[in-house]
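Everything numeric in this text was worked out from a predicted model, so none of it was measured. Proteins come first, then strands; the chains are lettered A, B, ... in the order of their sequence lines, and each starts at number 1.
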Number of protein chains: 2
Amino acid sequence: MSDPVRSSDPERVRAPNIRDVARVAGVSYQTVSRALNDSPSIRPETLARVRAAIDELGYRPNQAARALVTSRSRTIGVLSAQTVHYGPATSIQAIETAAREAGYRLSITNISSSEYASIKAGLDHLMAQSIEALIVVAPQVRVFEALSDLQVAVPFVTLEATGLNSAHSLWVDQIQGARLATRHLIDLGHTEIMHISGPQDWIEAEARMQGFLRELSDADLRTRAPILGDWTAHFGYYAGLELLRYRDFTAAFCGNDQMALGFLHACREEGLSVPGDMSIVGFDDIPEAAHFAPPLTTVRQNFAEIGRRAIELLLGELRGDTELSHAPVQPELIVRQSTARLV
Amino acid sequence: MSDPVRSSDPERVRAPNIRDVARVAGVSYQTVSRALNDSPSIRPETLARVRAAIDELGYRPNQAARALVTSRSRTIGVLSAQTVHYGPATSIQAIETAAREAGYRLSITNISSSEYASIKAGLDHLMAQSIEALIVVAPQVRVFEALSDLQVAVPFVTLEATGLNSAHSLWVDQIQGARLATRHLIDLGHTEIMHISGPQDWIEAEARMQGFLRELSDADLRTRAPILGDWTAHFGYYAGLELLRYRDFTAAFCGNDQMALGFLHACREEGLSVPGDMSIVGFDDIPEAAHFAPPLTTVRQNFAEIGRRAIELLLGELRGDTELSHAPVQPELIVRQSTARLV
DNA sequence: CGAGCGGATGTGAACGTACACATCCGAGGG
DNA sequence: CCCTCGGATGTGTACGTTCACATCCGCTCG
């Protein structure tokens, strides 16, 4: 009955506005506005009166009105795929925290598939909210087409690099990470190394594969066609069962930790000892990786760091700052017990 | 130079508004408004002209102006913890999709700790955006205090039940799930069963523990004090190492799959065979659980279903529908290879 | 002692839309 | 043949805020 929101009688209780506050504080509405935007030219005494009135009424500034008059939505859009995965989820969490601290809202949109239509729909939904900036998490190749087709006119950053778009990218150096992983296996004496990759329309998958291939070719080792997976443990498992029918390799570099987990499972079922008979390296260092059987050697990415820096970069750009660092974040090889010297 | 957003000259290119569209279409702005809100009383021919003008100008309705005049933000708030985890992340993804399809935006806020201040800050941030409804994902006990303290005056749903708030809850029956898991172990002949629980200020952890204790007491088995963990694989591992110093139990029910993974790791290190020497049950059925060593027996929850239903429920409430189902979603026991009959 | 100045505060307008109401027009009925 | 009616369209206004400018006051300086 005293519910101010759901009551529907004509005498509906209106939320207090700036003029109500002004009346209570005995000042003009403009003074209240100044108090809200901490203008320098307001007497401390007046400020205190306004603050008291705000508390008394439980006043909250109306963000829609603000956005309308300033034409600034204070919203940052996030276009993401696979938010369920550890990496994107961690980055998004860091993005959210950083954005909130800076007084920005976040609007997150998931794309269900990597098809152009799906990407475009997601982007449309975000643009309709007049976002001030855009972050693309875990981008697919086609995202870039959509970005230029739709003439996205706001500053944006993708959390992966294509090389083509380095001015808009911020990334963990995936190629370097893949090289670290591959070199680790080579250093252990492995020469026949398999790569189970992520889907090829994912930029990260592509980069990891490239790093893998380059390192092999630098070491003059035979390269074999990578298997194209879908990031899931299930895929790693079934691919492993299939691959292990021909035991013509002694090490595998998996595109992420989940696929490595599945592959580990396949090895176990086929009676292969890891790392005795087979060395395995993953990618991401999800928190669970340290507890796999055996604990997984993998490449750690600092997802949170990337998220924070994305916001930093965009806010800088909105402020007009220039020359902010796009330097890639370096990944780190974490050696555990799933890799061993080839005997 | 032709960038309509970042240009800062006085002749700044303004985004087209409803009046611009009206002028091009040769109608009044109100007619454009009608076209946008598909009013019945507009001639098809006129509608077509307006549509053409909209396309020509690349017009997009200004949501801030709409929100201001209708005093409807079309935003649903999500308060969440642990968005990085599979369960909450899956629910949120489903929520986002359902909300978008219904024309709503989502505003997600993470709380970093379960302290009251943190919860209140998150809730404040959401309320400041004049959200129309609220979903609390993975709620802590203190959320309810905050909800009533802040007099949250919008429809809300928590994705877990306390029993106290069933009118605002939508949940997987955690107690039932925990009973299923515990009964499974009892049926296998185990009588000394350990429980590694989640943090006690989490409603889900509390519910799972209750289910565990009730099932034990129904079977007239000795209950032992559960270990209070933090959901992580690390905790499961270290707790396992500690607990296994006294091998006075033959089965463990872990509060989630991650802790089960860590416990599995500890068993392996202590030379215990699972399920030979120790049976283990997890909770959640994360996609990786099927590939643990051994594949984990666990309780599956339909996180996506819960997310979808949350939106359905709230939109119904906003529409004024009544009597929508709050019936709990039933969890399902998935028996894999981490449990066996006690010999 | 008055002009000028600057800090504090007030007034008018604008942002882009939807709602309430007014107007217009042609068709149909008395 | 005029009146009425209803569908289609137009006009005024309000939503809550900020920006640009106006005003007021007391003080300093020449």
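- Whole-Å rounding puts the B:Tyr29 OH to C:dC15 P distance at 14 Å.
- Under 3.5 Å, the side chains of B:Ser80 and B:Thr83 contain no donor-acceptor pair of N or O atoms.
- Between B:Asn62 and the phosphate of C:dG16, there is no side-chain N or O to OP1/OP2 separation shorter than 4.0 Å.
- B:Thr31 comes within 4.0 angstrom of the backbone, heavy atoms only, and of no base.
- Under 4.0 Å is where a charged nitrogen must lie from a carboxylate oxygen, and between A:Glu132 and A:Arg72 at least one such pair does.
- B:Gln82 contributes atom CD, which lies 4.0 Å from atom CH2 of B:Trp202 (distance to the nearest 0.5 angstrom).
- The CZ atom of B:Arg74 sits 11 Å away from the P atom of C:dA18 (whole-angstrom rounding).
- A:Leu68 comes within 4.0 angstrom of a nucleotide base, judged by non-hydrogen atoms across all strands.
- The separation between B:Arg43 atom CZ and C:dC25 atom P is 13 Å, rounded to whole Å.
- Across the protein-nucleic acid pair, B:Asp20 atom CG and C:dC15 atom P stand 10 Å apart, rounded to whole Å.
- Side-chain contact check for B:Ser169 and B:Thr158: at least one donor-acceptor pair (N or O, by modelled atom type) lies under 3.5 Å.
- We find that CG of A:Leu47 is positioned 17 Å from P of C:dG7, with the value rounded to whole Å.
- Taking the nucleotide of DNA chain D with the nearest heavy atom to each of A:Asn17 and A:Arg34, the more 5' of the two is matched to A:Asn17.
- At the heavy-atom level, A:Ser41 lies under 4.0 Å from base atoms of the strands shown.
- Side-chain atoms of A:Asn17 and A:Tyr29 form no donor-acceptor pair, as typed in the model, at a separation below 3.5 Å.
- In this structure, A:Arg51 places its CZ atom where only 12 or fewer heavy-atom neighbours from other residues, nucleotides or ligands lie under 6.0 Å away.
- Spacing between atom CZ of B:Arg72 and atom P of C:dC19 amounts to 10 Å, rounded to whole angstrom units.
- Atom CD in A:Gln30 sits roughly 16 Å away from atom P in C:dA14 (whole-Å rounding).
- Cation-pi check for B:Arg74 over B:Tyr104 is met; the charged atom lies under 6.0 angstrom from the ring centroid and within 45 degrees of its normal.
- Here chain B contacts DNA chain D (any atom closer than 4.0 Å to a heavy atom, that is under 4.0 Å), and the contacts span D:dA8 to D:dG16 from 5' to 3'.
- When the side-chain nitrogen and oxygen atoms of B:Arg66 are compared with OP1 and OP2 of C:dA18, one or more of them lie within a distance under 4.0 Å.
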